[in-house]
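Data first, discussion second: the structure below is written as structure tokens.
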Amino acid sequence: SMGSLLEACRKAIEGLSLFTKALIPAFAAATAAAGKPVSAVSSSAAAMLFCGVLIELALRVFLPGVYLYIGVTAAGIIARQDVLTRIAELIKWVCVTFYKGFLMVFMGYITLSGVVSGGADAAAVRTARVAITGAVPVLGSVVADASDAILTGAGVLRGAIGIYGFLGACALCLTPFVSALTRYLVFKALSVVSASMAQGGTSKMIDGISEGYGIALGLLGTCCAVQFISMIVSTVVMQT
């Protein structure tokens, strides 16, 4: 059901939020004990703070906005009111635009701070960019801009904590997204079949639900990517 799909995204983002809240004080304690430079610690702490804010926004503001978008869309279709349909589109635009803007600031900060300097193979970066853009709905193009930092940082992470630690970090960040993506693909396949047999209003309802879940999946994918980058940043700083 649609509720279970959104609930899976909510639980996954909630888990990432709890992990981020645990990571920040643990990282602060570890760097203080190791006597790391204040500048490096402050820049990486800011990155993790960005991560925490992004995830909290997704959980507390934008995911409820997805529920509201679907509800208003359904009301507009049932009541045949164009005003409600336009309000639903406005809700979607506000959610996506604001989150994109915040995400671009985060990615820009990572690039300008130089905590994770790029250096990945150009072909690998292009491949990652295409893969991320296609896999993450709505927000994939923004996340793809950080492909160089993600690939470079992944190599650093593997060298620092070993292959098993690296696989564990990937599983932590990717498993929730892959699980939700599988549900999304099944829903999309079934929606194509059902929409072909449905009449106008029902078909629009299915499209609205599909669009709403795409936004939720985009939020989850973005949170997973940001969480992975934060783990990379903390590892890089601990190695300096």
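- Side-chain N or O atoms of S17 include none that pairs as donor or acceptor with a backbone N or O of I13 at under 3.5 Å.
- Contact check on E89 versus K92 returns a salt bridge, with a Lys/Arg side-chain nitrogen under 4.0 Å from an Asp/Glu carboxylate oxygen.
- Between the CG atom in D82 and the CD1 atom in I77 there is a gap of 11.0 Å [rounded to 0.5 Å].
- When all heavy atoms are compared, the tightest approach of A180 to L217 is CB-CD1, 3.6 Å.
- Of all heavy-atom pairs spanning Y67 and E7, the tightest one is OH-N, 3.9 Å.
- Contact annotation: the side chain of I55 approaches that of C51 to within less than 4.5 Å [non-hydrogen atoms, C-beta and beyond].
- Hydrophobic clustering (ILVMFWY, side-chain heavy atoms < 4.5 Å, transitive): W93 and L84 are in distinct clusters.
- C223 places none of its side-chain heavy atoms less than 4.5 Å from the side chain of L54.
- Residue F98 holds its CZ atom at 6.0 Å from CG of L57, rounded to the nearest 0.5 Å.
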Under the side-chain contact (heavy atoms from CB on, under 4.5 Å) rule, what do L219 and C9 come out as? Steps first, then yes or no, please. CA-CA 8 Å; L219 292 175; C9 287; over 6 Å; no
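- Screening V96, I91, L90 for a side chain to side chain contact (heavy atoms under 4.5 Å, CB included) involving V94 leaves a single residue, L90.
- Between the CD atom of E56 and the CD atom of E14 there is a distance of 9.0 Å, given to the nearest 0.5 Å.
- Residues L63 and L18 are members of separate hydrophobic clusters, defined by side-chain heavy-atom contacts under 4.5 angstrom among Ile, Leu, Val, Met, Phe, Trp and Tyr.
- At a threshold of 4.5 Å between non-hydrogen side-chain atoms, the residues L220 and L181 do not count as touching.
- When every heavy atom of Y69 is checked against every heavy atom of A88, the shortest pair comes out as CD1-O, 3.0 Å.
- By the rule that hydrophobic residues join a cluster once side-chain heavy atoms approach within less than 4.5 Å of another member, V186 and V178 end up as members of separate clusters.
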Working for side-chain contact (heavy atoms from CB on, under 4.5 Å), residues T73 and T85: CA-CA 6 Å; T73 299; T85 302; over 6 Å; no
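- For the pair S179 (side chain) and T175 (backbone), a donor-acceptor distance under 3.5 Å is absent.
- C95 approaches G65 most closely through the heavy-atom pair SG-CA, 4.1 Å.
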